[in-house]
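Comments concern the structure below.
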Amino acid sequence: MAGCDQQDATRTVDLSQRKQVETPAALESLTYACLPQYSHRVSFARHHHLVQYLAKKTDLAIRQVFPDTFEEHMQMVRSGQIDISFSNPLVYTRIADRDQARAFARIVEKNQTPTFRGQIICRADNKAIETLEDCRGKRWMAVDRSSAAGYLFALDHFLENGISKSDFQSISFAPGPGGKQETVVQAVYLGQADIGSIREGTLDLVKDRVDPAAIRVLDQTRAFPSWVYAARKDLETEVVEKIKQALLELDPDNADHRKILEKAHFEAVIPAQDTDFDAIRRLLEKIGENAYE
């Protein structure tokens, strides 16, 4: 009751003048984002320990953020909301050429090489699809128009084998935010699509949802440069170098580092430069704008 002094003057508060308050930690932290090819749950599980390692190793405050779509990821890099981007090489070339992001490292994949491939899948019991040629007239679900292994590599593979986009009954893209690789596998398993295109390694990551034995890898694409770490335009060079050095120091022979790498689902990190991804630019030139239709 003592706090309710009737002598206190009253004040009118204009609620329209409210401002969004951000905590000091959010304002001062660097942001780290993985392209949302998988659900946020999977992205967090794969990268949480890596982000913790980077923060401790560099003495920088780093937090993981979660864009919902490939396009949102690119927009957040452009607007400075993502400082460190981990993405496929196709998205990298777009944020590099359009927004001046710069590559500084890339990963050695689980296949022990700094390259990865796309896979074309169907149900294991689908007797109507035995060869790539059998994909004509079928329903194809891809991950996203900006997905490298989940669309672009597969499109290139089909074209190289004389199968054009018009030869399919339909081409659809996984709906909804995040989790698109899982969605493609599930769509094939449930019969919602006859074939799907995913990145290699996906079947192992989604085995808690779909029995890998129920899915058959019909064919694989050629290999392209692996996933890449890029810094947004204007991020301080010394900050980028700290993060790069910490990533390069991840040692597969170190037990603690091995756990981090296994969670992230790659073997090691190696240096990268922009020209490493010219193969993607040449592929885009070859296929043309139809890759984004």
Looking at every heavy atom in both [X] and [Y], which two are closest together, and how far apart are they?
X    : Y    : answer
M74  : S146 : CE-OG, 3.7 Å
M141 : F173 : CG-C, 4.4 Å
P212 : K207 : CG-CB, 3.7 Å
S226 : F116 : CA-CD2, 3.7 Å
A101 : A230 : CB-CB, 4.4 Å
H47  : C34  : NE2-SG, 3.6 Å

If you measure from [atom1] on [X] to [atom2] on [Y], what distance do you get to the nearest 0.5 Å?
X    : Y    : atom1 : atom2 : value
I280 : T93  : CD1   : OG1   : 7.0 Å
I171 : W140 : CD1   : CH2   : 5.0 Å
F158 : C135 : CZ    : SG    : 4.5 Å
R281 : L283 : CZ    : CG    : 12.5 Å
L152 : L90  : CG    : CG    : 5.5 Å
L132 : I163 : CG    : CD1   : 4.5 Å

Counting distance only, does the side-chain N/O of [X] pair as donor-acceptor with the main-chain N or O of [Y] below 3.5 Å?
X    : Y    : result
S197 : G150 : yes
K233 : Q100 : no
D204 : G201 : no
S43  : P36  : no
N161 : H157 : yes
R209 : T183 : no

Just wondering, do [Y] and [X] contact through their side chains at under 4.5 Å, heavy atoms?
X    : Y    : result
D99  : R232 : no
Y92  : D274 : yes
L35  : S85  : no
R117 : E109 : no
M76  : T31  : no
L60  : L54  : no
R216 : E130 : yes
E160 : D156 : yes

Report yes or no: do [X] and [Y] form a side-chain donor-acceptor pair below 3.5 Å?
X    : Y    : answer
Q37  : N88  : no
E133 : T131 : no
T202 : Y38  : yes
T115 : T113 : yes

**OP:** Could you go through the side-chain contact (heavy atoms from CB on, under 4.5 Å) check for Q181 and V42 one step at a time?
**Re:** CA-CA 11 Å; Q181 298 273 354; V42 172; over 6 Å; no
**OP:** Not counting sequence neighbours, which residues clear salt bridge (charged side-chain N to carboxylate O under 4.0 Å, His left out) with R123? List them please.
**Re:**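 In terms of salt bridge (charged side-chain N to carboxylate O under 4.0 Å, His left out), with neighbours along the sequence ignored, R123 is linked to D125.
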Original post:
With under 30° as parallel and over 60° as perpendicular, where do the rings of F266 and F86 fit, or are they tilted in between?
Top reply: tilted
Subject >> Note: D167-R136 ion pair, threshold 4.0 Å (strictly below) >> reply: yes
Subject >> SB check E262 R46 (cutoff 4.0 Å) >> reply: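 Looking at E262 and R46, the cut-off is not met.
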Check the hydrophobic clustering (I, L, V, M, F, W, Y; side-chain heavy atoms under 4.5 Å; chains of links allowed) and say if [X] and [Y] are grouped together.
X    : Y    : answer
F44  : I84  : no
F66  : V143 : no
F168 : I129 : yes
I270 : I107 : no
F70  : L284 : yes

Contacts table for residues 239-246: side-chain donor-acceptor under 3.5 angstrom, sequence neighbours left out:
| from | atom 1 | to | atom 2 | distance (Å) |
| --- | --- | --- | --- | --- |
| Q245 | NE2 | E249 | OE2 | 3.1 |

**OP:** Any pair with a residue in residues 240-259 that passes ring-ring contact (aromatic ring centres under 6.0 Å, His included), sequence neighbours left out, goes on the list, sorted by first then second residue, please.
**Re:** Y53-H257
Subject >> Neighbour count above 12 (heavy atom, 6.0 Å) for K259 NZ >> reply: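 No, the 6.0 Å shell around NZ holds no more than 12 heavy atoms from other groups.
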Original post:
Counting heavy atoms not belonging to D208, are there more than 12 under 6.0 Å from its CG?
Top reply: yes
Original post:
How would you list, by chain and number, every residue that makes a ring pair (Phe, Tyr, Trp, His ring centres under 6.0 Å) with H265, sequence neighbours excluded?
Top reply: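 H265 satisfies ring pair (Phe, Tyr, Trp, His ring centres under 6.0 Å) with no residue once adjacent residues are dropped.
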Original post:
Excluding sequence neighbours, so at least two apart, what forms ring pair (Phe, Tyr, Trp, His ring centres under 6.0 Å) with F224?
Top reply: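 F224 satisfies ring pair (Phe, Tyr, Trp, His ring centres under 6.0 Å) with F153 only.
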Subject >> side-chain contact (heavy atoms from CB on, under 4.5 Å) partners of Q52, counting only residues at least two apart >> reply: H48, H49
**OP:** Quickly, which of I215, V206, V185 forms a side chain to side chain contact (heavy atoms under 4.5 Å, CB included) with I198? Name it, please.
**Re:**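 Of the listed options, the one satisfying the test is V185.
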Subject >> Trace of the side chain to side chain donor-acceptor pair (under 3.5 Å) decision for S79 with Q81 >> reply: CA-CA 6 Å; S79 64; Q81 294 174 276; 2.8 Å; yes
**OP:** Show your reasoning for whether side-chain contact (heavy atoms from CB on, under 4.5 Å) applies to E182 and V210.
**Re:** CA-CA 9 Å; E182 296 106 307; V210 176; over 6 Å; no
**OP:** Would you please test K138 and Q169 for side-chain contact (heavy atoms from CB on, under 4.5 Å) and show each step?
**Re:** CA-CA 5 Å; K138 303 300 191 295; Q169 178 181 326; 5.9 Å; no
Subject >> Evaluation steps, side-chain contact (heavy atoms from CB on, under 4.5 Å), between L30 and L235 >> reply: CA-CA 10 Å; L30 290 172; L235 186 60; 3.9 Å; yes
